[in-house]
Protein chains: 2
Amino acid sequence: MSDSLGKVAKLPTIRRLPVYLHLLRGLQGGGTERVSSTYIAEQLKLDAVQVRKDLSSTGIVGKPRVGFEVTGLIDAIESFLGWNNTTEAILIGVGNLGSALLGYAGFMRHNLSVVAAFDADPQKAGTEIAGKPVFPMEKLANLVHRLHIRICILTVPAQQAQGVVNLLLAAGITAIWNFTPVALHVPAGVIVQNEDLAGGLAVLSRRVRDAETAHPPRADESAEGGDDAHH
Amino acid sequence: MSDSLGKVAKLPTIRRLPVYLHLLRGLQGGGTERVSSTYIAEQLKLDAVQVRKDLSSTGIVGKPRVGFEVTGLIDAIESFLGWNNTTEAILIGVGNLGSALLGYAGFMRHNLSVVAAFDADPQKAGTEIAGKPVFPMEKLANLVHRLHIRICILTVPAQQAQGVVNLLLAAGITAIWNFTPVALHVPAGVIVQNEDLAGGLAVLSRRVRDAETAHPPRADESAEGGDDAHH
DNA sequence: TTATAATAAGTAAAAAATTATCGATATACA
DNA sequence: TGTATATCGATAATTTTTTACTTATTATAA
């Protein structure tokens, strides 16, 4: 029921925290010092009670009639997520998606630093992408060991996913951010976070399909009804 | 309670459907004709009852002692998601992530076809990325209108997100797959599917942090305890 | 100093999602 | 032909998540 820092927060809450963080950083940049749950809820189209509950799970407390300190909130969320100190990670599979993630500035803002990339294609070894060196797979074990890397971003083709994971496990990786559609097989204690884009596309597709069957598309355009939900 | 095709399925179920689909396609490729919920659950580390419930929401029925027809299941899931006929979409913002998504073969497998990309940078206009033409923003309205495009993949920088969305709405777009961390403001009836990667990273970070506080990391490696959950 | 209004926080209720239980059915095998 | 067993489907129980409601606190202004 209690946690080392803040209370227990469940998955949907944790997923919303970065959204709050983004809004709060914007407010901070604009010089705002305090913010109410009501305001946040309005901006994010959420329920004010839910906002308060989410925020309270990070351990922060607000003042009645005043709201929350923007800076304090940001700190609380960041420390709750472990985003206040940099974590190093590697990335495997420098294809389309892998290359994009290497260049994705968002990571640094969230204090995940990709220190090296790997690819099975010998052509890619020795090159740099977005300033990150790409190594051949043979160097994986050594480098992971030497730098004490724990986290790996996995962006290899589906066919190779499990094979690569076996190498990762042998090298000592304990957390995998899995962008492949494969259900990875790992021993207990190894964290796998699945981030298959197909899931989001499925939800979008279904909602589009529902909207269309509700009011079939005609030659002219239309834009009413339906609903805008969060994932 | 009932739907035009299949029963109502809630978000978590819909998110799992592509995972089933991936497994089923693999089985189909291997020549397997029938599969049981028990087997699927085992492979995907899910509960067999949940698998049956998920599948039943697509309208398919299985046979006791036999299981489900692999091909029938694939068809059912695809048609439930609207993935049996191609939908055309555009993409806006040809940065790192946008370029990657343009080249992401996964889309075609899911019958979402990106027919054109747009970018505010005039340098990029006229080029091609992954075989897709990149146009300047001025051509947006005309092209969307002419091709009756409804769906847009949004991969622009956060600062420009809402501005671009306003253009999209004016052009007649009714569904946005939003890869920015911005809470978009759209009128009722327009579908926004948020796909911020920060949410997944937050869950991963928190799980790593939890695992570390549970058994603090020492100089040597370790890999026990914890749990491997789906998002 | 007191009244008022905005807001947080705690408690309770409702809804959604997951997991468990049980009966029915179809195949395999004696 | 009859029996055993794997599997589905439906119902129920549990847990999680969201929403609603009530109480308490604090700044503001009369």
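By convention in this document, chain letters (A, B, ...) are assigned in the order of the sequence lines, proteins followed by strands, and residues within each chain are numbered from 1.
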Novice: Does OP1 or OP2 of C/dT18 have a side-chain N or O of B/Arg16 closer than 4.0 Å?
Specialist: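 So the side chain of B/Arg16 is within the cut-off, an N or O lying under 4.0 Å from OP1 or OP2 of C/dT18.
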Novice: What's the CD1-P distance between B/Ile14 and C/dT18, to the nearest Å?
Specialist: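 Between P of C/dT18 and CD1 of B/Ile14: 12 Å.
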Novice: What nucleotide, of D/dT7, D/dG9, C/dA8, holds the atom closest to the side chain of B/Arg52?
Specialist: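 Among D/dT7, D/dG9, C/dA8, the one nearest the side chain of B/Arg52 is D/dG9.
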Novice: Side-chain N or O of A/Lys63 less than 4.0 angstrom from OP1 or OP2 on D/dA27?
Specialist: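 The answer is yes; a side-chain N or O of A/Lys63 sits under 4.0 Å from OP1 or OP2.
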Novice: Report the distance from atom NZ of A/Lys10 to atom P of C/dA17, rounded to the nearest whole Å.
Specialist: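 Checked: the NZ to P distance equals 16 Å.
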Novice: Of all the choices, D/dC8, D/dA6, D/dT25, which nucleotide is nearest to the side chain of B/Arg65 once you look at every atom?
Specialist: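 Of D/dC8, D/dA6, D/dT25, D/dA6 is nearest to the side chain of B/Arg65.
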Novice: Among D/dA20, C/dA9, C/dT25, find the nucleotide with the atom closest to the side chain of B/Pro64.
Specialist: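 Of D/dA20, C/dA9, C/dT25, C/dT25 is nearest to the side chain of B/Pro64.
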Novice: Compare the minimum distances between each of D/dT19, C/dT27, C/dA20 and the side chain of B/Val49, then state the nucleotide with the smallest one.
Specialist: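 Closest nucleotide among those given: C/dA20.
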Novice: A/Ser36 has a side chain; which of C/dA9, C/dT7, C/dT21 sits nearest to it?
Specialist: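 Nearest to the side-chain atoms of A/Ser36, counting from C-beta on, is C/dT7.
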Novice: Working note: B/Ser205 + A/Leu112, criterion side-chain contact (heavy atoms from CB on, under 4.5 Å); need CA distance, chi angles, decisive distance, verdict.
Specialist: CA-CA 9 Å; B/Ser205 303; A/Leu112 183 71; over 6 Å; no
Novice: If you measure from CZ on A/Phe118 to CD1 on A/Ile90, what distance do you get to the nearest 0.5 Å?
Specialist: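 A/Phe118 CZ to A/Ile90 CD1: 5.0 Å, rounded to 0.5 Å.
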Novice: Which nucleotide sits closest to the side chain of B/Lys53: C/dA8, D/dA12, D/dT18?
Specialist: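 Of the candidates, D/dA12 comes closest.
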Novice: Roughly, in whole Å, what's the span from CG in A/Leu55 to P in C/dT7?
Specialist: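 Checked: the CG to P distance equals 15 Å.
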Novice: Rounded to the nearest angstrom, tell me the gap between atom CG in B/Asp54 and atom P in D/dC8.
Specialist: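 Result: 13 Å.
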Novice: Using whole Å, what does the distance between atom C1' of nucleotide D/dT7 and atom CD of B/Glu69 come to?
Specialist: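 Distance, rounded to whole Å: 14 Å.
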Novice: Does the side chain of A/Ser37 get closer than 4.0 angstrom to OP1 or OP2 of C/dA8 through an N or O atom?
Specialist: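 Yes.
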Novice: How do A/Val66 and A/Asp47 order along DNA chain D: which one's closest nucleotide is nearer the 5' end?
Specialist: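 Result of the comparison: A/Asp47.
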Novice: Tell me the interatomic distance from B/Gln50, atom CD, to C/dA17, atom C1', rounded to whole angstroms.
Specialist: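 Distance, rounded to whole Å: 8 Å.
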Novice: When you get a sec, tell me which of C/dA9, C/dA20, C/dA17 is the closest nucleotide to the side chain of B/Pro12?
Specialist: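 Of the options given, the side chain of B/Pro12 lies nearest C/dA17.
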Novice: Given the rule in the side-chain contact (heavy atoms from CB on, under 4.5 Å) test, do A/Phe107 and A/Ile153 qualify, once you have shown the distances and angles that lead to the verdict?
Specialist: CA-CA 11 Å; A/Phe107 286 153; A/Ile153 303 170; 4.1 Å; yes
Novice: Atom NZ of B/Lys45 to atom C1' of C/dT18: distance rounded to whole Å?
Specialist: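 That distance rounds to 19 Å.
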Novice: I need the CZ-C1' distance between B/Arg34 and D/dA6, as an integer number of Å.
Specialist: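 For the pair B/Arg34 CZ and D/dA6 C1', the rounded distance is 14 Å.
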Novice: With rounding to the nearest 0.5 Å, note down the distance linking NZ in B/Lys53 to CG in B/Leu46.
Specialist: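 Output value for this atom pair is 14.5 Å.
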Novice: Test side-chain hydrogen bond (donor to acceptor under 3.5 Å, both in side chains) on A/Gln162 and A/Asn166; report intermediate values, then the result.
Specialist: CA-CA 6 Å; A/Gln162 186 60 56; A/Asn166 296 341; 3.0 Å; yes
